[in-house]
Amino acid sequence: MFTAEAISADKLTEQILLPSFNIAPTHQIPAIVQIDNERTLTTFQWGLIPSWAKVPSIGARMINARVETILEKPSFRSAAAKRHCIIPADGWFEWQTLGKSKKVPHYFSRTDKALLGFAGIYESWQTPDGTELWSCSVITTDAHPEFSEIHDRMPLLVPAQSTELWLTQGAAAIAELRMQAVPATDLTQWEVSSAVGQVRNNNPKLIEPVEPEDLSLLLFL
DNA sequence: CCAGACGTTGTT
DNA sequence: GTCTGG
DNA sequence: CCAGACGTTGTT
DNA sequence: GTCTGG
């Protein structure tokens, strides 16, 4: 059972509310959970490690979980049925594949700049010394048709009024939430610098728009 | 019964 | 932990 | 997801 | 091509 810890203001600032513009798998990310009717802001390692995993490195690739199959997949179904969380974020990145090896990152966010809540699931893994390591996955769903040329998947979003539903209603909440898609007009996106592909880069410029590449240069290549 | 897999993305 | 394949 | 490594020997 | 680390 997840145990809510008191979080000091210092910890909030240092570990949770410090902004990041480049969150990679295995990083700690903030998440809201609800245990015994009490909501808590905590952090999880991004990339769900199934409780039965032999090594925690499995989690690095479990960063997303498809909502269509989340209740069936052995790695996710336990968490999907019982352990929901909401991951707050201003936006997210998707990579558009153009041609063979060209990938262009885009930043997605709400048109009104309001905070988003990604629907997530979380799990606990026992380290060899008995410590619990908590981790999570972001649930994905079909992207809106308006954005599908960029990427055909997107995070499953939790409208603010569905917070209680998502955090407390277990498996039943999954179908409910899928019927509450945020309209595409509430979302916006723009192309950003490929610098976001380097984990060591982390600054506000990573979410600023860039002009599409000047294709005239390709004449000489 | 035991052994082995258990995921997403996107590409071919 | 639980399911599938052998 | 992308970027970067992908090996052994033997030395510090 | 495929795996690992972030």
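Heavy atoms only: backbone and side chains are in, while hydrogens, waters and symmetry mates are out. A, B, ... follow the sequence lines: proteins, then strands. Residue 1 opens every chain.
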Check your understanding: Using the C1' atom in both, what is the distance from E:dT2 to B:dG7, to the nearest Å?
Key -> 16 Å

Review point. Looking at residues at least two apart in the chain, or sitting in another chain, which of them share a side-chain contact (heavy atoms from CB on, under 4.5 Å) with A:Ser57?
Key: A:Val55

Review point. For A:Ile23 and E:dG5, what is the distance between atoms CD1 and C1' respectively, to the nearest whole Å?
Key: 17 Å

Check your understanding: In whole Å, what separates the C1' atom of B:dA5 from that of D:dG4?
Key -> 28 Å

Review point. Can you check the A:Ile58 CD1 to B:dC6 C1' distance for me, whole Å?
Key: 9 Å

Review point. Should we count CD of A:Gln161 as having more than 12 external heavy atoms under 6.0 Å?
Key: yes

Every protein N/O within reach of nucleotides 1-3 of chain D N/O, cut-off under 3.5 Å:
| unit_1 | atom_1 | unit_2 | atom_2 | d |
| --- | --- | --- | --- | --- |
| D:dC2 | OP1 | A:Lys103 | NZ | 3.2 |
| D:dC2 | OP2 | A:Lys103 | NZ | 3.0 |

Revision key, fill the gap. C:dG6 -> Watson-Crick or G-U wobble partner, both distances under 3.5 Å, gives B:dC1

Practice item. Could you check which residues of residues 68-84 of chain A get a heavy atom under 4.0 Å from DNA chain B? Sort them by number, please. Key: A:Thr69, A:Lys73, A:Pro74, A:Ser75, A:Phe76

**Study point:** Members besides A:Trp52 in its Ile/Leu/Val/Met/Phe/Trp/Tyr cluster (side-chain heavy atoms under 4.5 Å)
**Key:** none

Check your understanding: What does D:dT8 pair with, Watson-Crick or G-U, if both distances are under 3.5 Å?
Key -> none

Practice item. Check A:His84 against A:Ile121 and note the closest heavy-atom contact, atom names and distance. Key: CD2-CG2, 4.2 Å

Review point. Contact class for A:Ser57 vs. all strands (heavy atom < 4.0 Å): base, sugar-phosphate, or nothing?
Key: nothing

Practice item. Look at the side-chain N and O atoms of A:Ser137 and state whether any lies under 4.0 Å from the OP1 or OP2 oxygen of B:dG7. Key: no

Side-chain polar contacts of residues 162-169 of chain A - donor-acceptor pairs under 3.5 angstrom, sequence neighbours left out - could you list them?
| unit_1 | atom_1 | unit_2 | atom_2 | d |
| --- | --- | --- | --- | --- |
| A:Ser162 | OG | A:Gln180 | OE1 | 2.2 |
| A:Thr163 | OG1 | A:Ala160 | O | 2.7 |
| A:Glu164 | OE1 | A:Gln34 | NE2 | 3.4 |
| A:Glu164 | OE1 | A:Arg39 | NH2 | 2.6 |
| A:Glu164 | OE2 | A:Gln34 | NE2 | 3.4 |
| A:Trp166 | NE1 | A:Cys85 | O | 2.9 |
| A:Thr168 | OG1 | A:Glu164 | O | 2.7 |

Practice item. Measure the distance from CD on A:Glu94 to P on B:dT8 and round it to the nearest whole Å. Key: 15 Å

Point to revise | Inter-nucleotide C1' distance (E:dC3, B:dT9), Å rounded | key: 15 Å

Check your understanding: In residues 46-54 of chain A, what residues come within less than 4.0 Å of DNA chain B, judged by heavy atoms?
Key -> A:Trp52

Review point. In the hydrophobic clustering (ILVMFWY, side-chain contacts below 4.5 Å, transitive), which residues join A:Leu206, or is it alone?
Key: A:Phe21, A:Phe93, A:Trp95, A:Tyr107, A:Trp190, A:Val192, A:Val196, A:Ile207

Review point. Residues in side chain to side chain donor-acceptor pair (under 3.5 Å) with A:Gln189, at least two apart?
Key: A:His106

Review point. Which other residues end up in the same hydrophobic cluster as A:Val199, if Ile, Leu, Val, Met, Phe, Trp and Tyr are linked when side-chain heavy atoms come under 4.5 Å apart?
Key: none

**Study point:** By side-chain contact (heavy atoms from CB on, under 4.5 Å) - contacts of A:Ala175 (at least two apart)
**Key:** none

Point to revise | Connected hydrophobic set around A:Ile150, excluding itself, where side chains approach under 4.5 Å | key: A:Ile23, A:Ile29, A:Trp46, A:Ile63, A:Ile87, A:Trp92, A:Phe108, A:Leu116, A:Phe118, A:Val138, A:Phe147, A:Met154, A:Leu157, A:Val182, A:Leu187

**Study point:** P atoms of D:dA3 and B:dT11, separation to the nearest Å
**Key:** 14 Å

Point to revise | Residues in side-chain contact (heavy atoms from CB on, under 4.5 Å) contact with A:Thr185, at least two apart in sequence or another chain | key: A:Pro183

Practice item. Would you kindly give the NE2-to-C1' distance between A:His27 and E:dG5, to the nearest whole Å? Key: 9 Å

